[in-house]
Trainee: 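One structure coming up, written as structure tokens, with questions to follow.
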Amino acid sequence: MAEIKSSRIEISDGALIPDKGEHSLFSAWRLAFFGAIAVLVLLPVLFPDPYLDIIKFIPDGILKTFEVTVLSIIFALIIGLFTGLGRISRITFINRLATIYVEVVRGIPLLVQLFYIYYALGKMVQLPRLTSAVVAMSFCYGAYLGEIFRAGLQAIPKGQMEAALALGLSRSQAIRKIILPQTFKVIMPPVGNEFIALLKDSSLVSILAVSDLLRRGREFASTSFRYFETYTVIALVYLVITLFLSKLVALMEERMQHHER
Amino acid sequence: MNDKPIIRIKNAVKTFGTVQALRGVDLEIKHGEVVLIIGPSGSGKSTLLRSVNRLETLTKGEIWVDEDSVTNKDSDIRKIREEVGMVFQSFNLFSHLNVLENITMAPLTVKNVSKQEAAETARKLLKRVGLADKETAYPSQLSGGQQQRVAIARSLAMNPRVMLFDEPTSALDPEMIKEVLDVMLDLAKEGMTMMVVSHEMGFARAAADRVIFMDEGLIVEEGTPGDIFSNPQEPRTKRFLEHIL
Ligand SMILES: Nc1ncnc2c1ncn2[C@@H]1O[C@H](COP(=O)(O)OP(=O)(O)OP(=O)(O)O)[C@@H](O)[C@H]1O
Ligand SMILES: [Mg+2]
């Protein structure tokens, strides 16, 4: 989760490898990223059977993984925004509600939440698999993003709100026009990290037979019995995607630090 | 200056937990009057100022701006705040907006003015504070003195009848203090009613009609700048002035 120091957010989770101090040709990130790509290219060239077949089989799964991830992060951002606002609300009821939501979600493993929404609640309303997956992921990540929003909102200096109020704005006008635009800027990097974490966690939805990257791998492996080869490729593809995204987040952070004083 | 008070403060009491920030302040400020408030740290100067636009809610007592009660929970505080500008020690410019947007934001949001009209007013004000060439700059690109002048222009854009200044120059490097005080001096000459927390003696002598010395949440002594600075009566005032002069 994210902790805020002054107006910047420290990250203790998520992207690890990108390290701003490391610009050498052999930085850990480069070795891992280009190494993984090299292996992914070389394997099908050297051993077309089965690697070429695997590589041909999984792109649908990659798309599905992105679909789940992008849909979930969008809904999670909306839930997170309102949760964050709720967490700093002066209205006790709303504040409690937001806090309870965060605590409940954080206390239940994501896999259990997935099962609960698809199988347990499925007894009442049977949602399609993909919908269930997105609902569960959004619900879970909405709580995490809520904490990021809360931290981001609290990182904006008190004087900004006071100046807005002193000019005659209402609290909600001040939040919309002054506080939130600044908050969005501060929380970009941690939200990027949550996006990566969500992408990795989205592999859990394969349990619901949503044919994401992991599920496609499983399908291939169970018909061809090439478990080692298949899961090697799956792991490498996840690795390349997350390393690439981690780099983007790191660049975003760096740029932000240049912009602020 | 006409004799009718525009701000009336009656028995203002403010406690923060166990701290008594204000312990019964009575004060009336006339139209066009410039009042300077001095006093040691923690004496309640900021709290008094911030109570006038209800950034702090009084524990006891009443404040009026003209006929409008600030302390009455039912009064429309936003209308009152439109009439009462405030300038902060730390400027508090909106860091995601450029200079022009900082100034036009409140008129556009709160008053029914057109974009053009707001920009026109803003440009006039920027000229007045000597920053006509800075309208597209962001706060982080400005010096402290420039930021504070923009903050003053931002307040003036709401066309307030009273201006509150809470140590407007104490976060500034010495060479920038004058540019801000000059703007305030002009404002005073034009007849703006001003409540200023500041220890700038030069400004006080040039612009203040009255100096108020506060200590421990109370007004200890008040008078003309000449009276207070050259001939203070209360021992506490004397001690404080020796300390800062
Ligand atoms: N929000 C707050 N919570 C708790 N105590 C406060 C708060 N604001 C002010 N105080 C206390 O109230 C008293 C008066 O504070 P105030 O800021 O009005 O003093 P001041 O005269 O403006 O001092 P300074 O010259 O340091 O700005 C101090 O003891 C201060 O610690
Ligand atoms: Mg103060």
Side-chain angles (χ1 to χ4, degrees), chain A residues 4-9 77 81 84-85 88-92 148-192 252-261, chain B residues 46 49-57 70 76-97 101-111 138-144 147-148 150-160 162-166 171:
Chain A
I4 302 263
K5 271 189 201 154
S6 71
S7 72
R8 258 195 55 236
I9 296 185
L77 276 170
L81 169 61
L85 288 170
I88 60 161
S89 171
R90 298 164 150 200
I91 304 166
T92 319
I148 291 177
F149 267 102
R150 179 189 57 75
L153 287 164
Q154 287 174 340
I156 309 303
K158 244 180 78 199
Q160 297 282 307
M161 172 62 90
E162 290 191 340
L165 292 179
L167 285 164
L169 273 74
S170 68
R171 261 192 112 68
S172 69
Q173 285 172 334
I175 287 178
R176 263 183 293 130
K177 303 230 161 194
I178 307 302
I179 307 299
L180 279 181
Q182 297 184 46
T183 305
F184 288 135
K185 244 166 109 181
V186 192
I187 66 170
M188 286 250 283
V191 165
M252 203 159 73
E253 257 196 319
E254 216 169 304
R255 263 193 52 183
M256 266 190 48
Q257 277 163 34
H258 277 274
H259 277 252
E260 71 189 24
R261 292 192 318 160
Chain B
S46 297
L49 213 61
R50 292 161 55 83
S51 301
V52 174
N53 63 355
R54 217 207 272 169
L55 285 184
E56 304 290 355
T57 316
V70 175
D76 184 357
I77 188 64
R78 283 161 61 193
K79 269 274 164 298
I80 299 174
R81 283 171 177 162
E82 285 179 34
E83 311 260 287
V84 181
M86 186 168 216
V87 173
F88 301 84
Q89 178 177 355
S90 49
F91 330 132
N92 297 347
L93 289 183
F94 305 128
S95 56
H96 63 303
L97 301 178
E101 292 162 343
N102 259 278
I103 301 174
T104 57
M105 196 280 307
L108 287 175
T109 310
V110 177
K111 293 186 165 176
Y138 280 84
S140 61
Q141 299 166 319
L142 300 178
S143 73
Q147 288 189 58
Q148 195 60 299
V150 173
I152 294 173
R154 179 177 68 175
S155 280
L156 293 176
M158 292 299 285
N159 205 8
V162 180
M163 286 284 285
L164 311 173
F165 293 85
D166 192 357

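Chain A is the first sequence line, chain B the second, and so forth, proteins listed ahead of strands; every chain is numbered from 1.
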Trainee: Report which part of Ile80(B) has an atom under 4.5 Å of a heavy atom belonging to chain A: side chain, backbone, both, or neither.
Mentor: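 Neither part.
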Trainee: Given heavy-atom pairs under 4.5 angstrom as the criterion, report whether the side chain, backbone, both or neither of Arg54(B) touches chain A.
Mentor: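 Contact with chain A: none, neither part.
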Trainee: Which atoms of Gln173(A) come close to chain B, meaning under 4.5 Å heavy atom to heavy atom: side chain ones, backbone ones, both, or neither?
Mentor: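 Interface part for Gln173(A): side chain.
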Trainee: Could you pull out the closest heavy-atom pair between Ser155(B) and Met163(B), with the gap in Å?
Mentor: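 That closest heavy-atom pairing would be CB-CE, 3.7 Å.
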Trainee: Go through the atoms of Val84(B) and report whether side chain, backbone, both or neither lie under 4.5 Å from a heavy atom of chain A.
Mentor: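 The backbone, not the side chain.
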Trainee: For Pro189(A), which of Arg255(A), Glu253(A), Glu254(A) qualifies under side chain to side chain contact (heavy atoms under 4.5 Å, CB included)?
Mentor: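 That would be Glu253(A).
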Trainee: Report which part of Thr109(B) has an atom under 4.5 Å of a heavy atom belonging to chain A: side chain, backbone, both, or neither.
Mentor: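 Interface part for Thr109(B): both.
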Trainee: Counting heavy-atom pairs under 4.5 Å with chain A, which one of Lys79(B), Arg50(B), Lys111(B), Glu82(B) comes out on top?
Mentor: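 Among the listed options, the one with the most contacts to chain A is Arg50(B).
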Trainee: Can you tell me which portion of Phe88(B) sits under 4.5 Å from chain A's heavy atoms? Options are side chain, backbone, both or neither.
Mentor: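 Contact with chain A is through the side chain of Phe88(B) alone.
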Trainee: How close do Met86(B) and Asn53(B) get, heavy atom to heavy atom, and via which atoms?
Mentor: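 Taking every non-hydrogen atom into account, SD-ND2, 3.4 Å.
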Trainee: With distance as the sole test, does Gln182(A) use its side chain to make a donor-acceptor pair with the main-chain N or O of Ile178(A) at under 3.5 Å?
Mentor: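 Yes; judged by distance alone, with no hydrogens or angles, the pair exists.
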Trainee: Are any side-chain N or O atoms of His96(B) and backbone N or O atoms of Leu180(A), one a donor and one an acceptor, separated by less than 3.5 Å?
Mentor: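 No, because the side chain of His96(B) does not come within donor-acceptor range (under 3.5 Å) of the backbone of Leu180(A).
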Trainee: Do side-chain atoms of Gln160(A) reach the backbone of Leu93(B) as a donor and acceptor pair under 3.5 angstrom?
Mentor: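 Such a contact is found between Gln160(A) side chain and Leu93(B) backbone.
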